[in-house]
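Quick notes on the structure that follows.
Heads up: numbering here begins at 1 and tracks the sequence. Side chains are part of it too, since the values below use all heavy atoms of this structure and drop only hydrogens, waters and symmetry mates. Atoms within a ligand are numbered from 1 in the order they appear, just like the ligands themselves.
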Amino acid sequence: MRQTQKVMLAFSEATTSELNEILEHRFFKEKKSPKSKSKTSLSKQQSTAPMSAIKQENSGTKNIYEIIKQMRLERNAPVDLVGPQKCFDQDKDIETQRFQILTSLMLSPQTKDDVTSKCANRLLEYTINDIANMDEPDLIKLIYEVNFNVTKAKRIKDLAQLAIYKGMPKTFEETIKIKGVGEKIALLYIQVAFQRVEGIPIDVNMIRICNRVPIFKEKSPTKLRKFLESQFEHKEWGEINETLVGFGQQICLPKPKCDQCKLKDICEYYKLQNTSDQ
Ligand code: SF4
């Protein structure tokens, strides 16, 4: 009997509590031991995070951000045009749209936006049921261009089965428990699918930019998120990810185009590069 059939049979024969246990093991990350720090409640982290933990507060953060916004007026970076959070079919029912948004975001790690978009658009042709019942090799073929396609196919198929038996997650806490979903994806999903901004999603572009200028010298996404959230009013949080990611895709690339950048005069990375070149 194929794995999918076994899972379906297990679902159909299970009582409610057994079903919850099956779902818990199959789709969700393992629970942390009581001693380890919980990652499931962002609001709790925010309310208990002492401001003294933010060591490198930079009063110029908002000014730097305004300069970056000026450089981003055209909004024509990959994240603006084909960002994973834009890849869903607005004509479909709301549950399907939520599934498509989270699927697209789960395809995106370690993959360029145009490649993610191509694969996510292919999946728009299929219903949640289609994907839940699809053989994994067929699903892998549909998303073969994304990195880690084997693992991502498994996670997306699991998500489809979860959507059928439990419904799509509706909160950050529910979303981040799902295998294959981290803080950034959970925040973007809640922001796009429910229009609720619960935090600033941090990606690798943002870490690179913030460490170079510097805005905040820290490699930890969670610490950077808390720092940025301390610097901006909540109403501004929703646009910060897209603004900085696009800047990182077009100008402050891994190999930066500093000659096009209005931050040259204050950027430590630029000064360092140009001093060491002399
Ligand atoms: S000057 Fe160069 S390194 Fe500095 S922020 Fe601009 S593009 Fe990035």
Side-chain angles (χ1 to χ4, degrees), residues 49 51 53-86 105 107-118 146-147 182-185 187-188 191-192 197 199-278:
M51 288 304 290
I54 297 165
K55 300 186 191 94
Q56 293 165 273
E57 187 164 326
N58 181 340
S59 59
T61 299
K62 283 194 127 183
N63 291 337
I64 292 166
Y65 181 66
E66 287 306 316
I67 295 170
I68 292 174
K69 269 172 81 175
Q70 283 174 23
M71 290 188 272
R72 289 277 290 120
L73 286 178
E74 290 186 27
R75 296 277 159 181
N76 55 4
V79 69
D80 307 308
L81 306 174
V82 289
Q85 57 270 48
K86 299 183 192 306
L105 289 165
L107 287 173
S108 68
Q110 311 281 330
T111 304
K112 287 185 182 297
D113 282 348
D114 56 339
V115 176
T116 300
S117 170
K118 196 170 159 185
V146 299
N147 288 320
E183 196 174 277
K184 178 187 82 169
I185 289 178
L187 286 170
L188 283 170
Q191 184 172 327
V192 179
V197 178
I200 300 176
I202 302 296
D203 102 323
V204 66
N205 288 286
M206 298 166 76
I207 293 172
R208 184 174 64 249
I209 296 161
C210 290
N211 277 273
R212 278 177 174 173
V213 178
I215 292 172
F216 188 60
K217 282 210 168 194
E218 178 58 61
K219 296 277 163 64
S220 151
T222 301
K223 286 182 183 169
L224 180 56
R225 173 179 61 73
K226 286 180 187 173
F227 171 75
L228 290 176
E229 287 170 1
S230 76
Q231 300 292 296
F232 293 90
E233 289 180 50
H234 182 265
K235 66 181 181 190
E236 296 172 283
W237 290 7
E239 60 161 43
I240 290 172
N241 171 280
E242 210 163 290
T243 302
L244 293 182
V245 170
F247 177 59
Q249 291 175 333
Q250 291 186 306
I251 298 179
C252 197
L253 294 145
K255 194 174 172 191
K257 297 179 179 174
C258 299
D259 54 324
Q260 297 176 24
C261 183
K262 294 180 179 171
L263 292 172
K264 271 200 306 259
D265 291 344
I266 56 166
C267 178
E268 272 188 23
Y269 182 89
Y270 176 77
K271 283 179 198 160
L272 205 64
Q273 293 301 110
N274 283 277
T275 308
S276 55
D277 283 353
Q278 283 166 9

- Message: Only heavy atoms of Arg212, strictly under 4.0 Å: list the atoms of ligand 1 that pass.
- Response: 3 (S)
- In the protein, what heavy atom is nearest to atom 8 (Fe) of ligand 1, and what distance, to one decimal place, separates them? Cys252 SG, 2.5 Å
- Does a donor on one side chain sit under 3.5 Å from an acceptor on the other, for Arg225 and Ser220? no
- Message: Quick check on side-chain contact (heavy atoms from CB on, under 4.5 Å): which of Ile215, Leu228, Leu244 does Tyr65 satisfy it with?
- Response: Leu244
- Note on the structure: Taking every heavy atom of Lys184 against every heavy atom of Ile202, the minimum-distance pair comes out as CD-O, 3.3 Å
- Item | Electrostatic pair Lys86:Glu242 at N-O distance under 4.0 angstrom | yes
- Message: Show the atoms of ligand 1 that are less than 4.0 angstrom away from any heavy atom in Cys267.
- Response: 1 (S), 3 (S), 4 (Fe), 5 (S)
- Query: Between Asp80 and Arg72, does at least one N-O distance fall below 4.0 Å, as a salt bridge requires?
  - Reply: yes
- Message: Using 2.8 Å as the threshold, say whether any N, O or S atom from Cys258 sits that close to atom 8 (Fe) of ligand 1.
- Response: no
- Task: Find all atoms of ligand 1 within a distance of less than 4.0 Å from any non-hydrogen atom belonging to Tyr269, and give their numbers and elements.
- Result: 3 (S)
- For residues Gln191 and Asn241, is any side-chain donor paired with an opposing acceptor at under 3.5 Å? no
- Note on the structure: A student checking ligand 1 against Tyr270 at a 4.0 Å heavy-atom cut-off should list atoms 1 (S)
- Query: What is the closest protein heavy atom to atom 6 (Fe) of ligand 1, and at what distance does it sit?
  - Reply: Cys261 SG, 2.4 Å
